[in-house]
Amino acid sequence: MIDIMLTLLSRKKMTAQYLATKYDISTRSVYRYVEELNVCGVPVDIVRGRYGGISIPDTFRLPSWYFTRDEYTATVNALNAMSSQVSDKSVLSALEKLQSQQKDEKHGNVCGNIIVDGGTWGDSKKFSDKMRVCETAVNERKCLNIDYISRNGEHSRRVIDPYVLIFKQNVWYVYAFCHTKQTFRTFKIGRIKQASFTGESFERKEVSRDEINLNFYYNAVTMVDVTLEIEKATLPDAEDWLGMDNIEPYGNKFIARITAPDDGGLVNQILSYGGSVKVLEPEDLRHKVEAAAKKILGIE
């Protein structure tokens with residue numbers, strides 16, 4: 001009955017047959033549930049005939065606090081996670097309102113069990129400060145001056161118009177129009193050395209979610225299928241890096257199969273394990289690791 005009500009609220013009008021098919025019940029049951037909704041105070045209209053149907057007037061609204069227990073918990077946790085990283089006053093206000101609806105409930109601690117922190121270890125303030133600047137720029141349409149260092153070490157100063165914050169693979173990015181390149185770019189917030197307001201505002205262009213490329217990192221590098229052999233002593237660290245689901249036992253050792261970006265970072269990561277992680281495939285990556293190891297030893 002509740003599902004039928006929510007479906008009616010989301011659409012102008014629909015037939016009893018549509019609802020019967022959607023919820024795998026008879027049309028007779030549909031009319032019975034509609035009658036019960038009317039008894040409960042939900043004004044459901046029924047119009048008979050060829051162009052008739054079942055509908056709820058646009059003037060009817062559910063209470064703003066209407067949530068199931070699970071929906072309430074999930075929403076509060078999500079807002080708590082966001083507020084721990086982005087100090088948006090609207091997020092904090094919404095969180096306070098939601099929590100006030102359950103102030104008399106005694107069902108344990110449903111708040112604050114998700115924490116989002118995109119900063120590096122030991123960085124308790126600088127990253128949050130940059131996040132705050134970027135988030136304010138997005139909300140208030142303010143232009144930013146940024147001092148940016150790319151993965152290749154290229155240092156540039158740019159003016160950007162921030163449109164949206166992106167959280168992907170535990171990393172925060174800002175999607176913005178870059179005045180230097182005259183196109184939209186995605187900037188990793190951790191690689192912004194400094195960010196400050198220019199004092200100017202910008203007019204937002206119409207940009208849909210579909211236009212925002214969320215595979216920006218992978219598009220910039222070549223991906224390669226990799227098979228690694230891992231010694232048992234290194235397993236915990238390797239699991240943190242590769243994920244437990246990608247590692248399987250193989251005799252006294254372990255085998256990991258992943259798809260990874262074929263850049264200098266992959267070679268450096270493998271070398272950081274000091275020989276406890278070996279490349280089985282591909283051969284080209286084995287040669288790169290071997291060449292880098294020889295360079296460290298000063299062997300030509």
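Keep in mind that the numbers below use all heavy atoms, side chains included, and drop hydrogens, waters and symmetry copies.
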*Asks:* Taking all non-hydrogen atoms of both residues into account, name the closest pair between Thr234 and Ser276 and its distance.
*Replies:*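 Looks like OG1-CB, 2.8 Å.
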*Asks:* If we ignore hydrogens and angles and just use 3.5 Å, is the side chain of Thr7 paired with the main-chain N or O of Asp3 as donor and acceptor?
*Replies:*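 Side chain of Thr7 to backbone of Asp3: a pair is present.
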*Asks:* Taking the side chain as every heavy atom from C-beta outward, state whether Trp241 and Ile270 have any atom pair closer than 4.5 Å.
*Replies:*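 Trp241 vs Ile270: side chains touch.
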*Asks:* Does anything in residues 24-38 form a salt bridge (charged side-chain N to carboxylate O under 4.0 Å, His left out)? List the pairs, not counting sequence neighbours.
*Replies:*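 Non-adjacent pairs meeting salt bridge (charged side-chain N to carboxylate O under 4.0 Å, His left out): zero.
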*Asks:* Which pair of heavy atoms, one from Lys232 and one from Asn252, lies closest together, and at what distance?
*Replies:*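 Smallest interatomic distance, heavy atoms only, reads CB-O, 4.1 Å.
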*Asks:* Where is the tightest heavy-atom contact between Ile230 and Ala256, given as atom of each residue plus distance?
*Replies:*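 Nearest heavy atoms, Ile230 then Ala256: CD1-CB, 3.8 Å.
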*Asks:* Hydrophobic clusters here meaning ILVMFWY residues chained together by side-chain heavy-atom distances under 4.5 Å, can you tell me if Ile2 and Leu8 are in one?
*Replies:*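 The answer is yes; both residues are in one hydrophobic cluster.
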*Asks:* What's the spacing between Asp161 CG and Arg141 CZ if we round to 0.5 Å?
*Replies:*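 That separation rounds to 11.0 Å.
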*Asks:* CE/Met5 to SG/Cys40 distance, rounded to the nearest 0.5 angstrom?
*Replies:*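 Between atom CE of Met5 and atom SG of Cys40 there are 9.0 Å.
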*Asks:* Classify the ring geometry between Tyr175 and Phe184 as parallel (under 30°), tilted (30 to 60°) or perpendicular (over 60°).
*Replies:*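 Answer is parallel, since the angle falls under 30°.
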*Asks:* Is there a side-chain contact between Glu281 and Arg257, using heavy atoms and a 4.5 Å cut-off?
*Replies:*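 No, every pair of side-chain atoms sits at 4.5 Å or beyond.
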*Asks:* Quick check: do Ile212 and Ile166 have side-chain heavy atoms less than 4.5 Å from each other?
*Replies:*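 Yes, side chains in contact.
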*Asks:* Which heavy atom of Leu271 sits nearest to which heavy atom of Ala292, and what is that distance?
*Replies:*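 In terms of heavy atoms, the two residues are closest at CD1-CB, 3.5 Å.
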*Asks:* Rounded to the nearest 0.5 Å, what's the gap from CG on Asn246 to CD1 on Ile255? Could you check?
*Replies:*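 So the CG of Asn246 and the CD1 of Ile255 are separated by 13.0 Å.
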*Asks:* For the backbone of His179 and the side chain of Gln182, can you confirm whether one donor and one acceptor N or O come within less than 3.5 Å of each other?
*Replies:*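 A pair under 3.5 Å: yes.
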*Asks:* With a 3.5 Å cut-off and sequence neighbours excluded, list the donor-acceptor pairs that the side chains of residues 187-205 form with protein atoms.
*Replies:*
| residue | atom | partner | partner atom | Å |
| --- | --- | --- | --- | --- |
| Arg191 | NH1 | Ile149 | O | 3.4 |
| Arg191 | NH1 | Ser150 | O | 3.3 |
| Thr198 | OG1 | Glu200 | N | 3.1 |
| Arg204 | NH1 | Tyr163 | O | 3.2 |

*Asks:* Hydrophobic cluster membership, with links at side-chain heavy-atom distances under 4.5 Å among I/L/V/M/F/W/Y: are Tyr250 and Leu228 in one?
*Replies:*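 No, it is not one cluster - the side chains of Tyr250 and Leu228 are not joined through contacts under 4.5 Å.
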*Asks:* Would you indicate whether the side-chain heavy atoms of Leu9 and Phe60 approach each other to under 4.5 Å?
*Replies:*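 Result yes, sub-4.5 Å side-chain heavy-atom pair found.
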*Asks:* Cluster question for you: counting only ILVMFWY and a side-chain heavy-atom cut-off of under 4.5 Å, with indirect links fine, are Leu266 and Tyr273 together?
*Replies:*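 Yes, Leu266 connects to Tyr273 through the hydrophobic network.
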*Asks:* Would you verify whether the NZ or CZ of Arg48 falls within 45 degrees of the ring axis of Tyr31 while also being under 6.0 Å from that six-membered ring's centre?
*Replies:*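 Positive - Arg48 is close enough to the ring of Tyr31 and near enough to its axis.
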*Asks:* Take atom CD in Glu211; do more than 12 heavy atoms of anything else shown fall under 6.0 Å from it?
*Replies:*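 Yes, the 6.0 Å shell around CD holds more than 12 heavy atoms from other groups.
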*Asks:* Any chance you could measure Asp45, atom CG, to Ser55, atom OG, to the nearest 0.5 Å?
*Replies:*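 Answer for the CG-OG pair, Asp45 versus Ser55, is 5.0 Å.
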*Asks:* Is any side-chain heavy atom of Ile54 closer than 4.5 Å to a side-chain heavy atom of Val44?
*Replies:*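 Answer yes - side chains close enough.
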*Asks:* Show the nearest heavy-atom pair for residues Pro162 and Ala176, with the distance to one decimal.
*Replies:*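 Answer, listing the atom of Pro162 first, then Ala176: CA-CB, 3.6 Å.
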*Asks:* In the structure I gave you, are the side-chain heavy atoms of Phe177 and Ile160 within less than 4.5 Å of one another anywhere?
*Replies:*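 Answer no - side chains too far apart.
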*Asks:* With a 4.5 Å cut-off on side-chain heavy-atom distances among I, L, V, M, F, W and Y, is there a chain of contacts connecting Leu235 to Met244?
*Replies:*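 Unlinked, Leu235 and Met244 end up in two clusters.
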*Asks:* Can you list the steps and then say if Phe167 with Val171 is a side-chain contact (heavy atoms from CB on, under 4.5 Å)?
*Replies:* CA-CA 6 Å; Phe167 187 65; Val171 178; over 6 Å; no
*Asks:* Is the shortest heavy-atom distance from the side chain of Gln269 to the side chain of Ser272 under 4.5 Å?
*Replies:*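 With C-beta onward as the side chain, the pair touches.
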*Asks:* First locate atom OH of Tyr33, then atom CD1 of Ile4, and finally report the distance between them rounded to the nearest 0.5 Å.
*Replies:*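 Between atom OH of Tyr33 and atom CD1 of Ile4 there are 7.0 Å.
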*Asks:* Linking I/L/V/M/F/W/Y whenever their side-chain heavy atoms sit closer than 4.5 Å, directly or via other members, would Val159 and Tyr148 fall into one cluster?
*Replies:*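 Cluster IDs for Val159 and Tyr148 differ.
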*Asks:* Please evaluate residues Val279 and Lys288 with respect to the criterion side-chain contact (heavy atoms from CB on, under 4.5 Å), reporting the C-alpha separation (whole Å), side-chain torsions for both, the decisive distance (0.1 Å), and the verdict.
*Replies:* CA-CA 10 Å; Val279 179; Lys288 288 180 180 179; over 6 Å; no
*Asks:* Should Arg286 and Glu290 be marked as a salt bridge (Lys or Arg N to Asp or Glu O under 4.0 Å) after you check the CA-CA gap, both sets of side-chain angles, and the distance that decides it?
*Replies:* CA-CA 6 Å; Arg286 285 176 56 88; Glu290 182 181 359; over 6 Å; no
*Asks:* Could you go through Ile146 and Arg157, starting from their C-alpha distance and side-chain angles, then the distance that decides it, and tell me whether this counts as side-chain contact (heavy atoms from CB on, under 4.5 Å)?
*Replies:* CA-CA 6 Å; Ile146 63 169; Arg157 296 182 184 276; over 6 Å; no
*Asks:* Are the side chains of Phe254 and Glu248 in contact, using a 4.5 Å heavy-atom criterion?
*Replies:*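 Answer no - side chains too far apart.
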*Asks:* Looking at CG of Asn145 and CZ of Arg158, how far apart are the two atoms once the value is rounded to the nearest 0.5 Å?
*Replies:*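 The CZ atom of Arg158 is 12.5 Å from CG of Asn145, to the nearest 0.5 Å.
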*Asks:* Do the side chain of Thr21 and the main chain of Gln17 share a donor and acceptor less than 3.5 angstrom apart?
*Replies:*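 A pair under 3.5 Å: yes.
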*Asks:* Restricting to side-chain contact (heavy atoms from CB on, under 4.5 Å), what partner residues turn up for Pro282, sequence neighbours left out?
*Replies:*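 Pro282 satisfies side-chain contact (heavy atoms from CB on, under 4.5 Å) with Val224, Val226, Leu285 only.
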*Asks:* Check the pair Thr183, Cys178 against side-chain contact (heavy atoms from CB on, under 4.5 Å), reporting the backbone distance first and the verdict last.
*Replies:* CA-CA 6 Å; Thr183 187; Cys178 177; 5.5 Å; no
*Asks:* Any chance NZ of Lys278 has more than 12 other-residue heavy atoms, nucleotides or ligands included, within less than 6.0 Å?
*Replies:*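 No.
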